[in-house]
Trainee: 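Okay, here's the structure, questions in a sec.
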Amino acid sequence: MEKSYDVRGRQSNIFRLARFDIAALFHMLFYRILIFVAPISAAMIAASLLYPNASVLLASRLLILLVWILFTPQLFSAFKAFSLVSSRGAAFGKFSDYFALTQKRREVDSVYRIFPYAGIAVWAIAFVVLTVLWFA
């Protein structure tokens, strides 16, 4: 059996992504932190339902906000993937000159380029609103 070699480095070392894709680094780093924070957050939410005192409720709210922050790169990646698929790669794709000439530009493709950033802006506004409602 032939052994393959990945020029990007070991898959377990996510910091290798810093050399060629910062967005992927944030996505994977936040995802790996979220794996540990989400179950703790779920346990704190359950504890706040069973024992409704101020300190448990505060801790569960803070963990929910932390999960919200850690989930943001995952949501951005989903928005960006939607834009790529919907625009047939025109929104964020890197095409060869020949392929780019054969493709017809559509007006909607520029909207798809804005969509991920608009989605994250709405997500951030909702985060601020929730924080103000909980802690004001």
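None of the values given here were measured: they were computed from a predicted structure. Atom set for the values below is all heavy atoms of this structure, side chains included, hydrogens, waters and symmetry mates excluded.
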Trainee: Could you tell me the separation between the CD1 atom of Ile120 and the OG1 atom of Thr72, rounded to the nearest 0.5 Å?
Mentor: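 Going from the CD1 atom of Ile120 to the OG1 atom of Thr72 covers 5.5 Å.
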Trainee: Using the rule that Ile, Leu, Val, Met, Phe, Trp and Tyr join whenever any side-chain heavy atoms are under 4.5 Å apart, tell me whether Leu57 and Val67 fall into a single cluster.
Mentor: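 No; tracing contacts between hydrophobic side chains, which count when under 4.5 Å, never links both residues.
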Trainee: State yes or no: do Phe79 and Ile125 share one hydrophobic cluster built from I, L, V, M, F, W and Y residues joined by side-chain heavy-atom distances below 4.5 Å, directly or via other members?
Mentor: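 No; tracing contacts between hydrophobic side chains, which count when under 4.5 Å, never links both residues.
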Trainee: Roughly how far, to the nearest 0.5 Å, is CG of Leu58 from CG of Leu62?
Mentor: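 Separation between the atoms: 4.5 Å.
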Trainee: Which distance, rounded to the nearest 0.5 Å, do you find between the CD1 of Ile35 and the CD1 of Ile40?
Mentor: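 So the gap between those two atoms works out to 12.5 Å.
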Trainee: Output, in order, the C-alpha distance, side-chain angles, deciding distance and verdict of side chain to side chain contact (heavy atoms under 4.5 Å, CB included) for Phe71 and Trp123.
Mentor: CA-CA 10 Å; Phe71 190 70; Trp123 181 255; 3.9 Å; yes
Trainee: Before you tell me yes or no, could you show the steps for Phe127 and Val122 under side chain to side chain contact (heavy atoms under 4.5 Å, CB included), namely the whole-Å CA-CA distance, both residues' side-chain angles and the distance that decides it to 0.1 Å?
Mentor: CA-CA 9 Å; Phe127 177 81; Val122 170; over 6 Å; no
Trainee: CZ of Phe36: more than 12 outside heavy atoms within 6.0 angstrom?
Mentor: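 Incorrect, the count does not exceed 12.
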Trainee: Tell me whether Leu63 shares a hydrophobic cluster with Tyr51, the cluster being built from Ile, Leu, Val, Met, Phe, Trp, Tyr side chains joined at under 4.5 Å.
Mentor: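 Cluster IDs for Leu63 and Tyr51 differ.
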Trainee: Determine the interplanar angle of the Phe115 and Phe82 rings, folded into 0 to 90°, and report it as parallel if under 30°, tilted if 30 to 60°, perpendicular if over 60°.
Mentor: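 Rings of Phe115 and Phe82: tilted, as their planes differ by 30° to 60°.
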Trainee: Go through it in stages, so that I can follow the logic: the residues are Trp68 and Leu130, the test is side chain to side chain contact (heavy atoms under 4.5 Å, CB included), and I'd like the CA-CA distance, side-chain angles, deciding distance and then a yes or no.
Mentor: CA-CA 11 Å; Trp68 191 300; Leu130 182 65; 3.6 Å; yes
Trainee: Evaluate Tyr31 against Leu70 for side chain to side chain contact (heavy atoms under 4.5 Å, CB included), listing each step before the verdict.
Mentor: CA-CA 7 Å; Tyr31 174 74; Leu70 292 172; over 6 Å; no
Trainee: At their closest point, which heavy atom of Phe135 faces which heavy atom of Arg61, and how far apart are they?
Mentor: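 Smallest heavy-atom distance, with atoms named: CZ-CB, 4.0 Å.
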Trainee: If every non-hydrogen atom of Pro39 is compared with every non-hydrogen atom of Leu34, which pair is closest and at what distance?
Mentor: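 Here Pro39 and Leu34 meet closest at CD-O, 4.2 Å.
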Trainee: Write down the atom of Pro73, the atom of His27, and the distance for their closest heavy-atom approach.
Mentor: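 So the two residues come closest at O-ND1, 3.8 Å.
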Trainee: CD1 of Ile64 to OG of Ser48: how many Å apart, nearest 0.5 Å?
Mentor: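 Rounded to the nearest 0.5 Å, the CD1-OG separation comes out at 7.0 Å.
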Trainee: Centre-to-centre under 6.0 Å for Phe76 and Phe26, is that the case here?
Mentor: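 Aromatic pair excluded; centres sit 6.0 Å or further apart.
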